[in-house]
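First the structure, in the form of structure tokens, and then the observations on it.
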There are 2 protein chains.
Amino acid sequence: MNVNLKQLAEMLGLSQTTVSRALNGYPEVNAETRQRVLSAVRETGYRPNRAAQRLATGRAGSIGLVMPIAQGIDSDVHFGEFLAGLGEESVRHDFHFVINPSAPDDEEATFKRLAASGNVDALFLAYVRANDPRIAMLKSLSIPFVVHGRAIGQPADYPFLDIDNTAAFYDAARLLIQLGHRRIALINGPANLTFSIRRKKGMQRALEENGLPFDESLSQHSLMTDEYGHRAMQQFFERDEPPTAVLCSSTVIALGAVRAINKVGLQLGTDISLIAHDDVLPMLKPENFSVPLTTTRSSLRAAGSRIAARLISRIMKTGDYPDQELWRAELIVRASTGPAPKS
Amino acid sequence: MNVNLKQLAEMLGLSQTTVSRALNGYPEVNAETRQRVLSAVRETGYRPNRAAQRLATGRAGSIGLVMPIAQGIDSDVHFGEFLAGLGEESVRHDFHFVINPSAPDDEEATFKRLAASGNVDALFLAYVRANDPRIAMLKSLSIPFVVHGRAIGQPADYPFLDIDNTAAFYDAARLLIQLGHRRIALINGPANLTFSIRRKKGMQRALEENGLPFDESLSQHSLMTDEYGHRAMQQFFERDEPPTAVLCSSTVIALGAVRAINKVGLQLGTDISLIAHDDVLPMLKPENFSVPLTTTRSSLRAAGSRIAARLISRIMKTGDYPDQELWRAELIVRASTGPAPKS
DNA sequence: TTCAAAATTCAAAGCGCTTTGAGTTTGCTA
DNA sequence: TAGCAAACTCAAAGCGCTTTGAATTTTGAA
């Protein structure tokens with residue numbers, strides 16, 4: 001049978017107070033006493049009862065997640081990968097999850113309900129949209145939260161973790177331009193999500209700076225699936241002057257795009273160049289493509305784990321992570337990019 | 001501010017005991033009193049504090065999940081979809097999750113740790129392997145659990161939910177045979193997972209019953225990804241006599257297989273037939289393929305939700321679900337199957 | 001009308017932890 | 001050697017719920 005605090009204290013001839021303090025790192029405990037306590041914990045395998053802790057501290061010890069169940073988002077590979085990171089870190093701190101699947105139009109209500117339930121002491125928001133009303137709502141909720149991504153068109157006065165999507169696609173586009181490409185296409189994520197908007201902006205900026213026009217008809221929005229990637233690329237090939245290079249918002253999209261490229265008999269990296277954003281999905285490594293893909297890389301799992309760490313630290317009031325983080329994606333050149341073909 | 005039980009009882013001029021009993025459906029409460037309590041709950045928006053409930057009842061109110069982080073399984077689309085179902089049902093009962101990512105060789109230890117931690121009052125096991133030692137371990141753990149799938153080679157004396165994989169692929173293979181196909185290939189899931197083993201067996205049985213040989217070289221195991229599906233199909237096409245039909249263990253695999261089929265210029269449903277197992281992934285609908293796929297269908301999300309319901313009912317000792325369920329997959333014929341081509 | 005049984009209701013004791021406010025030691029200064 | 005702050009340690013009071021065992025009221029047969 002598991003021991004509890006009382007028994008542990010008895011064994012040690014100490015009061016529960018002291019043992020509790022020793023365990024929770026309070027300073028007013030004699031170093032030697034603390035060592036005794038810790039080794040007793042090791043021997044007995046004592047684990048504090050989380051329910052009791054929660055009751056006593058008023059902290060729920062869990063993080064609320066709203067799992068979007070919209071078409072093309074839910075059970076998205078990307079979400080699963082992110083979740084793995086979140087889980088990894090949470091479990092380390094013995095935190096739970098409350099996963100709330102919710103339709104997009106019901107998300108705000110879901111968040112409110114979650115926060116009010118007292119069952120979670122932090123919330124997490126993803127799939128940020130352009131002028132996302134959910135952020136203002138979260139701010140009003142007086143419960144810690146972290147946004148994965150950033151809104152556009154409102155001050156960024158809330159905790160977030162985002163990657164610098166603008167810079168990533170700026171860098172990618174610039175490389176292509178330097179390689180001589182002039183007709184560059186974009187297969188982006190859903191149009192209403194901010195990461196898509198920023199990636200497009202990054203690409204536009206690179207073109208502008210080099211005096212090149214941005215051709216709206218060479219830019220498509222799509223769900224982050226193979227299928228849509230394929231469809232989008234096919235449409236580009238129906239043009240009189242197909243693009244000589246393409247940027248993809250995900251390696252999953254790239255999968256479909258590469259398929260379309262092969263189908264028309266072009267050689268990737270020679271006849272046409274491709275750069276994809278790589279979320280480091282373990283089942284889809286850019287280096288395993290028949291022609292390894294040049295990518296902008298940033299691990300989604302790492303982001304999940306970081307967000308969990310930040311949320312938990314906010315809840316426990318320990319450590320001090322920065323409140324806002326903008327990660328820079330790495331541009332990794334592989335074989336799928338090459339000089340523009342002579343036309 | 002949220003009211004608590006004490007305040008609620010005071011308002012009603014009742015004792016906490018009575019209110020608590022009224023809420024938890026105990027019989028010894030006057031019907032009228034119960035009504036008063038319930039309407040007071042509605043007015044005040046009272047929600048019991050879960051931590052207190054957990055502490056008092058000794059139930060953790062959460063389900064332990066071991067999220068496999070092996071290559072090709074983790075952040076698997078299929079897992080995400082299953083999770084959505086599990087989440088849907090759990091949240092309805094205010095249950096939490098504890099997601100424990102774990103490497104395969106550490107899974108047993110992870111389960112033990114979870115069970116011992118007292119943080120969960122039910123466990124869930126998936127990705128069952130042939131003679132899975134984890135099941136015996138779960139049985140020894142004296143904590144409710146449900147297995148998604150079934151082991152092979154040991155008595156099925158534990159709670160499970162599985163689909164009849166043998167029957168599904170038996171039916172699928174039989175249809176192909178009836179259509180005149182003789183060389184039927186199989187692109188299966190990982191070789192060590194029981195669903196793969198059973199699907200293969202189902203196919204073998206159908207062939208045998210019709211006096212056809214099972215050609216081991218026409219059977220491949222693969223991760224459940226597009227990439228591997230593509231690769232496997234390509235290999236079949238390198239044979240002197242390629243198959244005229246193929247069974248795929250997932251629509252994700254089918255995606256790659258179809259790609260390979262297109263590449264060699266064959267017409268799906270005419271030159272070659274394909275049947276895939278459809279887990280009802282919202283992002284990959286068989287009817288959306290350029291040639292709609294014939295499938296054996298069983299919703300993974302529904303399975304998740306059912307398992308959650310069963311676990312919760314076991315924990316709360318309410319209702320009585322069957323302990324073992326074998327769901328039958330539906331065989332849905334679409335355009336990807338047709339008579340075998342004249343050779 | 002009476003009284004035991006059935007139907008309700010209640011006070012109080014936990015569940016296992018944290019934390020407050022008050023002791024008890026110890027170490028220095030004067 | 002007294003006296004006081006600093007360093008430790010402790011007893012006890014919750015946190016908000018469930019549940020036990022007892023008290024009270026109602027019901028119905030005698």
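Every heavy atom of this structure was used, including side-chain atoms; hydrogens, water molecules and symmetry mates were not. The chains referred to below are lettered A, B, ... by the order of the sequence lines, with proteins before strands, and numbering in each begins at 1.
Counting to the nearest Å, the P atom of dT18(D) and the CZ atom of Arg59(B) are 9 Å from each other. dT9(D) atom P lies 16 Å from atom CD of Gln16(A), rounded to whole Å. Rounded to an integer number of Å, the gap from CG of Asn4(B) to C1' of dC15(D) is 10 Å. Nucleotide dC15(D) holds its P atom 18 Å from the CG atom of Asn49(A), rounded to whole Å. Between Arg36(A) atom CZ and dC8(D) atom C1' the separation is 13 Å, expressed in whole Å. The interatomic distance linking Arg21(A) (CZ) with dG21(C) (P) rounds to 11 Å, in whole Å. Taking atom CG of residue Leu55(A) and atom P of nucleotide dT18(D), one finds them 12 Å apart after rounding to whole Å. If you measure from atom CD of Glu10(A) to atom P of dC10(D), you get 13 Å, rounded to the nearest angstrom.
Under the 4.0 Å criterion applied to side-chain N and carboxylate O atoms, Arg301(B) and Glu81(B) are assigned as salt-bridge partners.
Going from atom CD1 of Ile163(B) over to atom CZ of Arg328(B) covers 11.0 Å, rounded to the nearest 0.5 Å. The structure places CG of Leu311(B) at 10.5 Å from CD of Glu89(B), a figure rounded to the nearest 0.5 Å.
Figure legend: Arg150(A) and Phe195(A) shown without cation-pi pairing, the cationic atom not lying both under 6.0 angstrom from the six-membered ring centre and within 45 degrees of its axis.
In terms of polar N and O atoms assigned as donor or acceptor, the side chain of Thr17(B) comes within less than 3.5 Å of the base of dT19(D) in a complementary pairing.
Minimum interatomic distance between Pro322(A) and Arg306(A) (heavy atoms only, all atoms of both residues): CD-NH2, 3.8 Å. In terms of heavy-atom proximity, Arg310(A) sits nearest to Phe160(A) at NH1-O, 2.9 Å.
Formation of a donor-acceptor pair under 3.5 Å by the Ser90(A) side chain with backbone atoms of Leu86(A) is found in this model.
Distance from the side chain of Ala52(A) is smallest for dC17(C) among the nucleotides dT9(D), dC17(D), dC17(C).
Contact annotation: Thr18(B) side-chain N/O to dC10(C) OP1/OP2 distance is under 4.0 Å. For dG16(C), the OP1/OP2 oxygens have no side-chain nitrogen or oxygen of Gln53(A) closer than 4.0 Å. A close approach under 4.0 Å does occur between a side-chain nitrogen or oxygen of Ser15(A) and OP1 or OP2 of dC10(D). Of the side-chain N and O atoms in Ser20(B), one or more sit less than 4.0 angstrom from OP1 or OP2 of dT18(D).
Shown for residues 22-33 of chain A: residues whose heavy atoms fall under 4.0 angstrom of DNA chain C, namely Asn24(A), Tyr26(A).
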